[in-house]
Amino acid sequence: MDFREQLEPILRALRSSAPPRWQDVAVRLAAAEPDDVVVQTLGELVEQLEQQQEELSWHRAELSQTNAGLLALHSELDQERRHNAFLDDVSRASATSLDSTEMCAALVQLLRARGVADAITMWTLEDGNLQAIGDEDAEPAQSTRRALATGEAAGVDTARLSVPLTAGPRSLGVLDFHRVDGIFGESDLATSSSVAVRVAVGLRNINDYKREHELAERLQRAMLPRLMVPDELDVVARYRSATSGVQVGGDWFDAVTRPDGSAVLTVGDVTGHGLDAAVVMGRLQNALNAYALEGHRPALSLQLVHDLLRSWDIRSYATAVVVEVDVAENVMRWASAGHPPPLLDDPHGGVRYLEGENASMLGVPFHQEVPEHEVELSPRSSVVLYSDGLIERRTEDIDTGLARLAAAYEAARTRSPQKRAEHLLSTLLNGEAHEDDVCLLICQLLETSD
Amino acid sequence: MDFREQLEPILRALRSSAPPRWQDVAVRLAAAEPDDVVVQTLGELVEQLEQQQEELSWHRAELSQTNAGLLALHSELDQERRHNAFLDDVSRASATSLDSTEMCAALVQLLRARGVADAITMWTLEDGNLQAIGDEDAEPAQSTRRALATGEAAGVDTARLSVPLTAGPRSLGVLDFHRVDGIFGESDLATSSSVAVRVAVGLRNINDYKREHELAERLQRAMLPRLMVPDELDVVARYRSATSGVQVGGDWFDAVTRPDGSAVLTVGDVTGHGLDAAVVMGRLQNALNAYALEGHRPALSLQLVHDLLRSWDIRSYATAVVVEVDVAENVMRWASAGHPPPLLDDPHGGVRYLEGENASMLGVPFHQEVPEHEVELSPRSSVVLYSDGLIERRTEDIDTGLARLAAAYEAARTRSPQKRAEHLLSTLLNGEAHEDDVCLLICQLLETSD
Amino acid sequence: MSAPRAAHEVRIAAERDIVQVRQVVRELALSAGFSLVAQTKTVTAASELARNTLMYGGGGTATATLDEAPGGPARLRITFRDAGPGISDVDLALQDGYSTGGGLGLGLSGARRLADEFGIETGPGAGTAVTVVFIAREAVRR
Amino acid sequence: MSAPRAAHEVRIAAERDIVQVRQVVRELALSAGFSLVAQTKTVTAASELARNTLMYGGGGTATATLDEAPGGPARLRITFRDAGPGISDVDLALQDGYSTGGGLGLGLSGARRLADEFGIETGPGAGTAVTVVFIAREAVRR
Ligand SMILES: [Mn+2]
Ligand SMILES: [Mn+2]
Ligand SMILES: [Mn+2]
Ligand SMILES: [Mn+2]
């Protein structure tokens, strides 16, 4: 009857209203026959209870362990999701700007928030040399060079972790992660390389864009005219493109000073807009510049450039006005090929348009002679050259535009050429989007000391 | 003693070696006094067992439910991870090419594999109009227009789902998802818009790149020379840039025919490489072209262009050779500013370099007169103009290079100018990467019919 | 017109009451149309909070209410109340027990992570009341 | 020199044996350094496979072996064997029970998803032997 030891605590723990007293039960059990079936049954039930109790405790333990496992799993998932969201943000930051400085700034913000790094340096390969974005003078650290040379991360156990940026087989540069307090360990390698993979994709696009953008920008800049004028003149020119983003169009201005001290001013307008017109513009401007410097008079220059344009295998037309200012003789010679008339402000004679026979547009398919005109200049006279975009409005006839320009120029008579130019643009364009390119050149004779 | 009913099955289920027989127990219980503590204990134990049994079954149920929940959770996670991996792939496909056709192809592969769509059409906004990538003539469907107009997906419950592509506030276009069998439902909206968000980022970069690339390409194309030669001449020219990717450099060739039937050939070389040299090249080429067409002799043209270059606010130098071929008189006039000598192949006199005094390089900071030379031409004579990149090697003196060019030109004597040009390039450049740009122009007098 | 609310209260006085809380919560979640995954999350959180009530609060009650707002999704709200010593530093107790290894934190922070809404009222000697809300959602098709 | 292998066999003849399989597997996983999450995955899979052995195979055995290759990670291999009717269409049985709602598939496909390696030998009348392997990994720091 060895179940008695187990029975006693069971009985004592009973919470029923009238539990049997153990002493009473113990007395009865002691007196029982060995083959007493009730006592035997009691023994069997105790054993059963014990087994079941054990099974129950196993289940409790399993349930609580599984619960803990579920919580831990959700905690890991949370980390995983945050990690994925972080990498998603990195991808986004790497892709949403084609400006490398902006991209670096967006990245640093993410990396800081995530505790990955306090700062980064992005190194790009320029002609085989590492160049830091945003700091031209920075020298790459040893780990940076090592990462580039080996194609693997370098700098574990230091405060700078360098990870190579590669696109396919091509090495684009290195990304350095910096920590202000603390160093990078092996465990930072996975995250930093996941970041680098995403940054490299963005950097490749940035490089491609930058290459094309710089090429286009430098080509355009090379086409912009340079004003070269003698001391006796105050020349100001303005260009307003109708097409946003493009820096050159079909309109142009130019000013050149000859070795003899005379100046040649030009404003021209190639038919059409955009790049095709800009290319023709560049060549016409360049040729007129060469003819002017060679010493040709305005009419001959226009004549030559008309022949030149006809010789090219393009079907383009242009209007242009060329003005030669002979400072020594106080005389101005001018010629026009289909261009709106120059506006003259003579302190003695007032504001008036220069009248005189025009040639047809440059490039028309026939030979033409270009008439040239001459006008005397008083000191402090000024002349305005402009393209039709300044005066033409769809809803008006051209005379209205001409009258408005003359009035506006007269109204600003006491001001400097710079101020008068701004006044014309603001008055005539009225801040509205204009449909045509606008070109404006004002040249004023200064009071000469002699 | 109502525990007896429960006790019987318990007793019967016992698996011990000698379980008490229920009949014997039942007889004893029936005979027991109501206050028999052993029987009372038996009752308590039975109740205890019952309660425990119930608790155990609760635990079992909970454990098995929790298990099922864990499996379901992992199944959901699997889907979630696959979905994230898919969107990651979409991001990657949208970012890894700046070519929209390539991007579309990569996308379709992903979308098919995932069962999202069988095909896609990417519409981009060009001047406000929807344009299908890879199919210029395609007309947008109604759902495509609706998606663009409303900024929301259109086409649910049809086989074409149209989702707008937007970058910030800007509308870039529309992405159409197509299914061959089956239609799109509400449940496809989330995935398709997640895809569209990623595609839009890539498309914006593609657009930006394309804009700059086209601008740069057209500007460069406009700078490439056009050979315009009279019928009596066979002219061939070749340009090999040392810089990969850029289509223009500092070397140039040009050929122009004057109204009087004479032709002017030029080869020149601006010091330096790359874009800066290319811009100067373009202006020099254009000016020389204008002077030649104006009718100036080679020496005067070089003289004028020297003055012109000096007048620009850039510090650049160039060498150039200008050759005027007077077909009517069978005479050739030439002048050179620091350029390697032209090579002449006269059927009667053999292959020889033209000797004659050179001017200094164009752009040197002093005035200079350019000497001009004249040579008679036999029928079928040919002349070779080239830049130093063709003959100079770092390890040799220049005479070796000149001798090699003459020998190679002589060796291909029986061939056409085209074949001779290819022969020179392959013999002299030897397929190697060359450090300098190379320019080559061959002009041969044809047998005249008269 | 809002749907009838049924409040189910379970006394938590012994180990076996925890499994009862699980079952009450599971049945309510099931009746509200919770997915198997959502159900498991709900039951897991409830089980952990019930254990806290028993072990740190010296027992108390769990009250579960199903809120079926018309038009909106069903909300299962469960509040665990005890008159125990309370928690003096709630922020500390809410730190992720999984990483810090603490007993209380494990259940509390885990339950907060799993629940859609979470609230706690406690203080030294003021007992503790923790409320979690779970919202039935359409299974999202990915 | 490879570490000693200890094979633990559990007979699966009744409901209560399932919980015993869980405990044997849990102890082995714990001793092999499995994380709590990995442990839970292992135990869950074992529990489901043990249930299949009991319910569809009419009982059988689970044999768990811990393989500690020198230098490599610990591998916990568990094989469930029964002499039941076998599975005639294994592919069908392996379809995701969660979505198809089948009883057998739930455990089988779920266990396959959780395990690092999974193998099954069966056929009509040939009984079934399913083997799963779980590999101890360093907890990945994200
Ligand atoms: Mn224009
Ligand atoms: Mn215009
Ligand atoms: Mn060169
Ligand atoms: Mn050269």
Side-chain angles (χ1 to χ4, degrees), chain A residues 10-11 14 16 19-21 24-25 28-29 37-42 44-49 52-53 55-56 59-60 62-63 66-67 70 73 77 84 91-92 95-96 98 201-202 205 208-209 212-213 215-216 218-220 222 226 275 279 283 286-287 290-291 293-294 304 307-308 311 313, chain B residues 10-11 14 16 19-21 24-25 28-29 37-42 44-46 48-49 52-53 55-56 59-60 62-63 66-67 70 77 84 91-92 95-96 98 201-202 205 208-209 212-213 215-216 218-220 222 226 228 256 275 279 283 286-287 290-291 293-294 304 307-308 311 313:
Chain A
I10 292 173
L11 228 50
L14 281 183
S16 62
R21 281 177 47 206
D24 299 343
V25 179
R28 285 285 307 278
L29 290 180
V37 289
V38 172
V39 174
Q40 271 177 17
T41 301
L42 213 53
E44 294 285 353
L45 290 192
V46 167
E47 197 185 329
Q48 191 85 341
L49 258 174
Q52 211 169 272
Q53 184 65 47
E55 205 182 332
L56 186 58
H59 275 86
R60 277 195 188 129
E62 273 304 316
L63 199 52
T66 304
N67 240 35
L70 256 163
L73 174 61
L77 287 178
N84 286 342
S91 290
R92 208 165 298 125
T96 39
L98 285 172
V201 170
N205 289 343
D208 286 356
Y209 173 80
E212 298 299 321
H213 179 72
L215 187 57
R218 287 168 70 186
L219 285 169
Q220 289 186 81
R226 291 144 296 275
L275 205 57
V279 166
R283 298 178 71 190
N286 190 59
Y291 293 140
L293 202 78
E294 189 181 350
L304 287 171
D307 294 340
L308 193 67
S311 81
D313 54 348
Chain B
I10 292 172
L11 228 49
L14 281 183
S16 63
R21 279 177 48 206
D24 300 344
V25 179
R28 284 286 309 277
L29 291 180
V37 289
V38 173
V39 174
Q40 273 177 14
T41 302
L42 213 54
E44 294 284 352
L45 291 192
V46 166
Q48 192 82 344
L49 256 174
Q52 218 179 43
Q53 184 66 46
E55 203 180 332
L56 186 58
H59 275 86
R60 277 195 188 127
E62 274 303 315
L63 199 52
T66 304
N67 242 35
L70 255 163
L77 287 178
N84 286 341
S91 289
R92 209 166 296 124
T96 39
L98 285 172
V201 170
N205 287 344
D208 285 356
Y209 172 81
E212 297 297 320
H213 178 71
L215 187 57
R218 287 169 70 187
L219 284 169
Q220 287 186 82
R226 292 144 295 275
M228 309 194 73
V256 45
L275 204 58
V279 165
R283 299 178 69 190
N286 188 60
Y291 293 140
L293 202 79
E294 188 181 353
L304 288 171
D307 293 340
L308 192 66
S311 84
D313 55 349

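Letters A, B, ... are given to chains in the order of the sequence lines, protein chains preceding strands, and every chain is numbered from 1. Quick note: numbers below take in every heavy atom, side chains included, and nothing from hydrogens, waters or symmetry partners.
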Practice task
Examine distances only and state if a side-chain atom of B:E44 and a backbone atom of A:L11 form a donor-acceptor pair shorter than 3.5 Å.
Solution key: no
Practice task
With sequence neighbours left out, write down each residue that passes side chain to side chain donor-acceptor pair (under 3.5 Å) with B:E55, or none if nothing qualifies.
Solution key: A:R60
Fill in the blank from the handout: Counting heavy-atom pairs under 4.5 angstrom with chain A, the leader among B:D307, B:V37, B:D24, B:T66 is B:V37
Exercise for the section: Mind checking the CD-CG spacing from A:E47 to B:L14? Nearest 0.5 Å is all I need. Expected result: 8.5 Å
Would you mind checking which part of [X] comes under 4.5 Å of any heavy atom in chain B, side chain (CB onward), backbone (N, CA, C, O), both or neither?
X: A:Q53; value: both
X: A:L293; value: side chain
X: A:L56; value: both
X: A:S91; value: neither
X: A:L42; value: both

Practice task
Sequence neighbours left out, what passes side chain to side chain contact (heavy atoms under 4.5 Å, CB included) with B:A290? Give chain and number order.
Solution key: A:A287, A:Y291, A:L308
Handout entry: B:L304, part contacting chain A, at a heavy-atom distance under 4.5 Å
Key = side chain
Exercise for the section: Examine whether an atom of B:L63 lies under 4.5 Å from a heavy atom of chain A, and if so say whether it belongs to the side chain, the backbone or both; otherwise answer neither. Expected result: both
Exercise for the section: Kindly give the heavy-atom pair with the smallest separation between B:R283 and A:N286, and that separation in Å. Expected result: O-ND2, 2.9 Å
Handout entry: Atom of B:A95, atom of A:V201 and distance for their closest heavy-atom approach
Key = CB-CG1, 3.3 Å
Handout entry: Option that, when pairs with chain B are counted at under 4.5 Å, heavy atom only, ranks first among A:V279, A:T41, A:V25, A:D208
Key = A:T41
Completion exercise
Heaviest contributor of heavy-atom pairs below 4.5 Å to chain B, chosen from A:R21, A:E62, A:Q52, A:R92, is A:Q52
